[in-house]
Amino acid sequence: MATTNPFTHLGGLARRLVQDGLLSEEQAAAATQQANDAQRPLVSHLVTAGLVQSSEVAVAASIEYGVPLFDLSVIDPEHMPASLVEEKLVRKHHALPLIKRGNRLFLAVSDPTNHQGLDEIKFHTGLTTDAVLVEEDKLAAAIENALQAQDTAMTDLLDEDLENLDISTGDEEAAKEKESNLDVDDAPVVRYVNKILLDAINSGTSDIHFEPYEKNFRVRYRQDGMLHEVATPPVNIAARLTARLKVMARMNIAERRVPQDGRIKMVLSRNRSIDFRVNTCPTLYGEKIVLRILDSSAATLGVESLGFDEAQKGNFVDAISKPYGMVLVTGPTGSGKTVTLYTALNMLNRPEVNISTAEDPVEIQVAGINQVNVNPKTGLTFAEALRAFLRQDPDIVMVGEIRDLETAEIAVKAAQTGHLVLSTLHTNDAPQTLTRLANMGIPPFNIASSVNLILAQRLARRLCEHCKVVDDVPHDALIEEGFSEQEIRQGLQVYKPVGCDKCTKGYKGRVGLFEVMPVTEDMGKLIMEGGNAIQIRDLALSEGLQELRASGLAKVRAGVTSLEEINRVTKD
C-alpha cells in the first residue's frame with residue numbers, strides 16, 4: 001500500500017522546508033497564504049518575517065528546483081550590468097542582472113519559479129534570460145546598492161564626442177544663439193559638464209576650477225584642501241563649457257565683462273541632491289569659473305567627527321550650551337569654520353529654540369533654522385540682518401563673519417542681553433582674536449563680559465589607512481619637531497603617505513586641528529587691564545591651552561596624519 005505524502009497541499013518550496021524541519025506544516029501554510037495575499041514571493045516573505053534564515057531558504061530552493069546556488073558577495077557590483085534592465089522591472093520581479101554573455105543575461109533571483117518575471121525581462125531586453133539562485137538578504141542589499149549607484153552614475157562620454165564638436169567662430173549674435181541652444185540633454189558638452197560635476201561629487205571634491213588660458217584649458221579639483229589637475233579639454237570648446245555652466249547657474253551668458261554669482265542644484269537621486277555655489281571672473285582669455293560644492297551632510301556628522309580631543313570637546317559643548325555669550329571660530333578661508341558652526345547649530349536645533357543666521361552666502365541649508373543671505377547692494381549687511389534678528393525674539397544668532405565695528409558692537413550687545421551668538425573672525429590663533437576685537441574698537445570690559453570661548457582651527461589631510469607606512473625620521477629631527485625624549489624612547493611611530501587606488505597621493509579625508517580657549521575669569525581681568533596677545537597666550541597655556549601645533553602633533557602620534565602635513569598647516 002503506497003504511503004501518502006502529508007504535505008501534498010503545500011507548494012514545492014514550502015513542502016521542502018517542512019520536510020527539512022525548518023518550518024512546521026502550519027507555519028508553511030500560513031506563510032504561503034500571507035505571501036499570496038501580499039502579492040510577494042514566498043522567499044521574500046519568509047526572510048523578512050524572520051521565519052527562516054536566508055541561507056537555509058536558498059539551499060532548500062536550490063535542491064527543490066535544481067537551480068545552482070551562487071554566492072553574490074564574490075562578484076564586484078561595478079561589473080554587474082544593472083543598467084540593462086529598467087528599475088521598475090528589477091523591483092517588480094526582484095531580479096538583478098548579474099552577468100551578460102553574448103545574448104544571454106544571467107539574473108540573480110531568490111525565487112526561481114517566477115517564470116513570468118524572467119519572460120518579461122527577456123521581452124524588454126531582447127536577451128535570453130537564465131536564473132541564478134542567490135540568498136534573499138544579499139539580493140535585496142545588492143538591488144538597493146545597484147539602483148543607488150545607477151542614480152549617481154555618470155553618463156558615458158567618448159573622447160571622440162569632444163573632438164568631433166563643430167566649433168565655429170561666427171558673429172557674436174550667432175555665437176550667443178548657439179550658446180543659448182546648449183541646454184540639450186544629449187549634447188556632448190552637456191554630458192561632459194555633468195561628468196565633471198558628478199566625478200567631483202563622487203571623489204569628495206570641495207571646489208571645481210574651470211580655467212581658460214591662451215593655448216590650453218584645464219579643470220582642477222580641490223580635494224582635501226589641495227588642487228589637482230583632472231582634465232584638459234580642447235581650448236576651442238572653452239566658450240561652450242563656460243556658457244553651459246552659466247546657463248545651469250542662471251547667469252547672463254551675454255555678460256562676460258563683470259563677475260557673476262549663481263547657484264546650481266543637482267538632483268542625484270530621490271534622497272540626495274547637491275548644491276553648487278558658482279562664481280565667474282573675467283580673465284585675459286575668457287572667464288574662470290569656480291564651483292563650490294555645498295554638501296549639507298558634512299555638517300550633520302556630529303561633534304565626534306570634527307577631531308576634538310576630550311578636553312576640547314568638553315569646553316566646546318559647555319560654551320554652546322550656555323544661554324548667552326559669544327563663541328568665536330577663527331581661521332583662514334577653507335579651514336572648516338562653517339562646518340564647525342553648523343555642527344554646533346545642529347546640536348542646538350530644537351523646536352523650542354529660535355535660531356537665525358546671516359551669511360554671505362548661505363552654504364548649508366538646514367531645516368528649522370532661519371537663514372538669511374546678506375546682500376550689501378540692497379543694504380542688507382551683517383549689521384542690518386543682526387538688528388532685524390534682535391527684533392524677532394531670537395535665542396541663538398549666527399553671524400557669518402564679524403568684519404567691522406558696527407557688526408561687532410551689535411553682536412557683543414546681543415551676547416550681553418541673553419542671546420547666544422556664534423560667529424567667525426579671520427585671525428591666526430585664539431589669543432589674537434581678543435586683541436583683534438579690541439583693535440576694532442570694542443571696549444575691553446565688553447569683550448571680557450561677552451566672549452565665552454574662542455576656537456582657532458585648521459584642516460589637515462588624513463593619511464589613507466590602506467597604504468600609509470611608518471616613516472623613518474631621525475631622532476634629532478623628532479626632537480626638533482616638538483616630540484619629547486620620553487615618547488621617542490617608548491617607541492613613537494610616525495607615518496607617511498604612499499598613495500593607492502583608494503586615496504589621493506596617500507591622503508583621504510581631513511581632520512580638524514583645534515586651539516580651544518575658554519575665556520576664564522583671570523583672562524577677563526587681563527583683557528580689562530589691556531593685556532596683549534602674548535600675555536593672553538601665556539595665561540591660556542598656564543590654564544591648559546593646547547596650541548594648534550600641539551594638537552597637530554597629537555594627530556601625528558595617533559597615526560591620523562603625517563608630520564609633513566602638520567608642518568604644512570601649522571608651521572610659521
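What's counted below: heavy atoms across the whole structure, side chains too, no hydrogens, waters or symmetry copies.
- The shortest non-hydrogen separation linking I447 to A438 is CD1-N, 3.5 Å.
- R510 is linked by a salt bridge (Lys or Arg N to Asp or Glu O under 4.0 Å) to nothing, counting only residues two or more places apart in sequence or in another chain.
- Judged by distance alone, the side chain of Q457 and the main-chain N or O of G336 form a donor-acceptor pair under 3.5 Å.
- Contacts of K508 classified as side chain to side chain contact (heavy atoms under 4.5 Å, CB included), with partners at least two apart in sequence or in another chain: C503.
- Contact detail for P259 and P282: the closest heavy-atom pair is N-CD, 3.9 Å.
- When R220, R222, K288 are each tested for a side chain to side chain donor-acceptor pair (under 3.5 Å) with H209, only one passes: K288.
- For E515 (side chain) and A430 (main-chain N/O), a donor-acceptor pair under 3.5 Å exists by modelled atom type.
- Here D360 pairs with R403 under the side chain to side chain donor-acceptor pair (under 3.5 Å) rule; sequence neighbours left out.
- Of the possible donor and acceptor atoms, none in the side chain of N349 sits under 3.5 Å from a partner among the backbone N and O of L345.
- Residues forming a side chain to side chain donor-acceptor pair (under 3.5 Å) with E287 (at least two apart in sequence, or on another chain): K246.
- With hydrogens and angles ignored, the 3.5 Å screen pairs no side-chain donor or acceptor of T381 with any backbone N or O of P376.
- In this structure, F217 and Y285 have side chains that are not in contact, with every pair of non-hydrogen atoms separated by 4.5 Å or more.
- In this structure the side chain of K138 reaches within 4.5 angstrom of the side chain of D71, judged on heavy atoms.
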Could you walk me through whether V329 and L422 pass the side chain to side chain contact (heavy atoms under 4.5 Å, CB included) check? CA-CA 8 Å; V329 181; L422 310 179; over 6 Å; no
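- Other residues, nucleotides and ligands contribute at most 12 non-hydrogen atoms within 6.0 Å of the CD1 atom of I534.
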Steps toward side chain to side chain contact (heavy atoms under 4.5 Å, CB included) verdict (L455, V327): CA-CA 8 Å; L455 185 152; V327 174; 5.7 Å; no
After noting the C-alpha distance and the side-chain angles of E480 and D476, does the key distance pass the side chain to side chain contact (heavy atoms under 4.5 Å, CB included) rule? CA-CA 6 Å; E480 188 178 336; D476 292 344; over 6 Å; no
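- Other residues, nucleotides and ligands contribute at most 12 non-hydrogen atoms within 6.0 Å of the CD atom of E564.
- Across every non-hydrogen atom of V569 and A460, the tightest pair is CG2-CB, 4.3 Å.
- Once rounded to the nearest 0.5 Å, the distance linking NZ of K265 with CD1 of I274 reads 9.0 Å.
- Atoms NE2 and NZ, on H466 and K502 in that order, are 5.0 Å from each other to the nearest 0.5 Å.
- To the nearest 0.5 angstrom, I293 atom CD1 is 7.5 Å from L197 atom CG.
- The shortest side-chain heavy-atom distance between Y221 and D199 falls under the 4.5 Å cut-off.
- Of the candidates D275, I264, D207, L291 forms a side-chain contact (heavy atoms from CB on, under 4.5 Å) with just one, namely I264.
- For the pair I196/V219, a side-chain contact is recorded, criterion being any heavy-atom separation below 4.5 Å from C-beta on.
- Partners of E485 according to the side chain to side chain donor-acceptor pair (under 3.5 Å) rule, which considers only residues two or more places apart in sequence or in another chain, are H475.
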Donor-acceptor list for residues 225-235 side chains, cut-off 3.5 Å, not counting sequence neighbours:
none

Given L420 and Y324, is the side chain to side chain contact (heavy atoms under 4.5 Å, CB included) satisfied, shown in steps? CA-CA 4 Å; L420 180 64; Y324 56 85; 5.8 Å; no
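- Taking 4.5 Å as the limit, some side-chain heavy atom of I536 sits within range of a side-chain heavy atom of M517.
- Here the shortest heavy-atom pairing between V498 and C467 reads CG2-O, 3.1 Å.
- Distance alone, capped at 3.5 Å, is enough to place a donor-acceptor pair between the N202 side chain and the L198 backbone.
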For R462 and D224: C-alpha separation, side-chain torsions, deciding distance, then whether salt bridge (Lys or Arg N to Asp or Glu O under 4.0 Å) applies. CA-CA 8 Å; R462 286 181 183 269; D224 300 330; over 6 Å; no
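- I355 has its side chain out of reach of M398: every pair of non-hydrogen atoms, C-beta onward, lies at least 4.5 Å apart.
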Anything under 3.5 Å between a donor and an acceptor, one on a side chain of residues 540-559, the other on a protein residue two or more places apart or in another chain? List them.
from, atom 1, to, atom 2, distance (Å)
S542, OG, L539, O, 2.5
E543, OE1, T520, OG1, 3.2
E543, OE2, T520, OG1, 2.9
Q546, OE1, Q312, NE2, 3.0
E547, OE2, R537, NH1, 2.3
R549, NH1, N567, OD1, 2.7
R549, NH1, T570, OG1, 3.3
R549, NH2, E481, O, 3.1
R549, NH2, E481, OE1, 2.5
R549, NH2, N567, OD1, 3.0
S551, OG, F514, N, 3.3
K555, NZ, G307, O, 2.9
R557, NE, E487, OE1, 2.6
R557, NE, E487, OE2, 3.4
R557, NH2, E487, OE2, 3.4

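- For N370, the side chain to side chain contact (heavy atoms under 4.5 Å, CB included) test picks out N354, S356, with sequence neighbours left out.
- Across all non-hydrogen atoms, the minimal contact from L453 to N315 is CD1-O, 3.5 Å.
- Although no hydrogens or angles enter the test, the distance criterion places no donor-acceptor pair under 3.5 Å between the side chain of N428 and the main chain of P332.
- Checked options D472, D471, I566, V470; the residue passing with V494 is D471 (criterion: side-chain contact (heavy atoms from CB on, under 4.5 Å)).
- For Y213, the side chain to side chain contact (heavy atoms under 4.5 Å, CB included) test picks out E211, N216, R218, with sequence neighbours left out.
- Judged purely by atom type and a 3.5 angstrom limit, T561 uses its side chain to pair as donor or acceptor with the backbone of R461.
- Applying the ring pair (Phe, Tyr, Trp, His ring centres under 6.0 Å) test to F316 and every residue at least two apart in sequence or in another chain returns F308.
- Contact detail for K496 and S562: the closest heavy-atom pair is CA-CB, 4.4 Å.
- Legend: residues meeting side chain to side chain contact (heavy atoms under 4.5 Å, CB included) with S423, ordered by chain and number and at least two apart, are L328, V399, I402.
- A 4.5 Å side-chain heavy-atom check between L241 and V193 finds at least one atom pair inside the cut-off.
- The shortest side-chain heavy-atom distance between L96 and V134 does not fall under the 4.5 Å cut-off.
- Panel note: side chain T330, backbone T427; a donor-acceptor pair is recorded below 3.5 Å.
- Listed by chain and residue number, nothing satisfies the side chain to side chain donor-acceptor pair (under 3.5 Å) test with R263 (two or more places apart in sequence, or in another chain).
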